[in-house]
Amino acid sequence: NEFVECWDMNTRERFLQPTTRHEHSDSSASAWDFGFGAEGKHLIISFLFGRPAFLDMSKPEERFRPFGNEVTDCWTVDVSADGELYLGAGADHDLNIWSTRNFQHVRSLRGHRGEAASAIFTSDGTAVVSADLYGNIFHWDLSRATRGRMEHDGDEFAEVWLLAKNKDVAFSWSPDTKTVLRFSLNDGEVEDTSFHGVPAGITENEKNLITLEGQKSKLRINRWGLETRTNAVVELPPKEWRYPPEAWRNIKRGVPYSSAHDEVILLDSEYNCHVISAQTGKIRQTIPGSNATRFQPMLSASGAHLVIITELESSRRYSLLVLERRSGQFEPTRTIPIELQGRKVETVRLSPDGRWLAVATLEHHFYLIDLADPASKLERLGACGRGVRDIEFSPDSRTVVIAADDRTIRVWHLPSKREIMTLRPGIIADSLAFHPSGKWLCASGFMDDPSFRPDRFCWWRLDEHAD
């Protein structure tokens, strides 16, 4: 009936019955939920099909005053225990927090794939728990944003994988703007840096971001100053480079970069593997290729090991070439035939210490081989979910995670060689990355249709958990 009834708990009498109508309310808006602000000075109400509004309890003769230009449909209301913050959620998918004193917008929490039907503060006010109509329940740590999802104004981004060791930030490339996006893992803020090119790596001193830009025979390396925002450009030798950056579906596997040696690894059209200085653009070493199909090379974190896997004439028979850096040059140390009983390799990844190689097949099998043991053979560990999208090792090489099309991220403990956890982020995670400190696990991916580029970013804080 468009009225809110207020009752005195001592006298059991109704003392106020203000109308919910106000000058900005829609005729179809219905009062849906309510709460009291700090010290009970304000009555806050949400509307089905409308913006939230508040009433000054000391001036009941006045009308409700709308606020929250950030939303169009706010269903649920909750107020923090201290009465200082108001939380709203609804059909806009995002959660929004306002101050109950001046009703200014404080922050948005983004990540629900559908209408957020319910949201509440925890009793200590440090976190929010929310649920949407798709059955997802989220826990948001307001002090550190340790669990969250992010969407950058509808723009797509390719992969979230480039993380600075001494800064809680991640970098990604936006195919829409052709620029690099910077994500804060602490507060969820997104910044377009205006850096052009596909990210390859961060220099060891963390002062520069290395990107690649161009097409085929005209590739160049950009050296962006993270603080100065300046760029130093280096042209690469004219060659028919394989896979120009804009065409790479999985950029992380496409541009191996060693920060310790400041060099990138690129394949040319004949599958020759070139070790190139990221500072001068000169080719330091060329490892001859063959007519066999070759996967992208893989570098260890120290740049001391290089691994190249080759499929022999599309026969589903594979060979693994292991090289070690000696006196500045990579030298072959071992060639390992890989027998998978006719299964097709879909994804491979080398651990940061260069010891472990993880292999996932099209048939959902997961294998591991210890490259440090000359007698080691490929060992099958178990199933890895259908349609493996990415594999990533933790910085200490004790944990490996696998993202698959079944919306799972499986976590394996390498010393015991067993699966210890399954994460269900609610997205098809296309790319995984650990922060160099090991405290963050990041993933980017799709909501529904894998034919689109990734447009969601999830992250977990792991340093408070055991092994």
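Keep in mind that what you see is a predicted model, and the values were worked out from it rather than measured.
Within the 3.5 Å criterion, the main-chain N or O of Ala119 finds no donor-acceptor partner in the side chain of Ser130. At distances below 3.5 Å, at least one donor-acceptor pair connects side-chain atoms of Asn205 with backbone N or O atoms of Lys207. When atom types are taken as modelled, the side chain of Asp268 and the backbone of Glu240 share no donor-acceptor pair closer than 3.5 angstrom. Checked by atom type and distance alone, the side chain of Ser376 never pairs as donor or acceptor with a backbone atom of Leu371 at under 3.5 Å. In terms of modelled atom types and a separation under 3.5 Å, the side chain of Ser300 and the main chain of Gly354 share no donor-acceptor contact.
Interatomic distance, CG of Leu212 versus CG of Leu219, reported as 6.0 Å (0.5 Å rounding). If you take CD1 on Ile336 and NZ on Lys377, they are separated by 11.5 Å, rounding to the nearest 0.5 Å. Atoms CZ and CG, on Arg229 and Leu209 in that order, are 10.5 Å from each other to the nearest 0.5 Å. Note that CD of Gln279 and CD1 of Ile210 are 8.5 Å apart. Values are rounded to the nearest 0.5 Å.
In this structure, Arg349 pairs ionically with Asp390, as a charged nitrogen and a carboxylate oxygen lie closer than 4.0 Å. Between Arg410 and Asp406 there is a salt bridge, since a side-chain N of the basic residue sits under 4.0 Å from a carboxylate O of the acidic one. Ion pairing of Arg326 with Glu331 is present here, as a side-chain N (NZ or NE/NH1/NH2) and a carboxylate O approach within less than 4.0 Å. Taking 4.0 Å as the cut-off between side-chain N and carboxylate O, Asp94 and Arg107 do not count as a salt-bridged pair. A salt bridge links Glu263 and Arg325; the closest N-O separation between the charged side-chain nitrogens and carboxylate oxygens is under 4.0 Å. In summary, Glu235 and Lys218 do not engage in a salt bridge, as defined by a charged side-chain N under 4.0 Å from a carboxylate O.
Applying side chain to side chain contact (heavy atoms under 4.5 Å, CB included) to Ile265 and the options Ile276, Leu299, Ile308 leaves one that passes, Leu299.
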**Message:** Using side chain to side chain contact (heavy atoms under 4.5 Å, CB included), reason through Ile409 and Thr422 one step at a time and then give a plain yes or no.
**Reply:** CA-CA 6 Å; Ile409 298 177; Thr422 300; over 6 Å; no
**Asked** Yes or no on side chain to side chain contact (heavy atoms under 4.5 Å, CB included) for Leu414 and Thr399, after CA distance, side-chain angles and deciding distance?
**Response** CA-CA 6 Å; Leu414 290 180; Thr399 305; over 6 Å; no
**Message:** ring pair (Phe, Tyr, Trp, His ring centres under 6.0 Å) for Phe434 and Trp440? Distances and angles first, verdict last.
**Reply:** CA-CA 6 Å; Phe434 276 94; Trp440 300 101; over 10 Å; no
**Request:** Step by step, work out the ring pair (Phe, Tyr, Trp, His ring centres under 6.0 Å) result for Phe121 and Tyr86.
**Result:** CA-CA 9 Å; Phe121 284 102; Tyr86 160 69; 8.9 Å; no
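Partners of Val129 under the side-chain contact (heavy atoms from CB on, under 4.5 Å) rule, at least two apart in sequence or in another chain, are Ile120, Thr122, Ile137, His139. For the ring pair (Phe, Tyr, Trp, His ring centres under 6.0 Å) test, residues two or more places apart in sequence or in another chain that qualify with Phe366 are Trp412. Every side-chain contact (heavy atoms from CB on, under 4.5 Å) that Asp33 has, sequence neighbours left out, goes to Ser46, Thr76, Val77.
In summary, the side chains of His105 and Ser108 do present a donor paired with an acceptor at a separation below 3.5 Å, with no hydrogens or angles considered.
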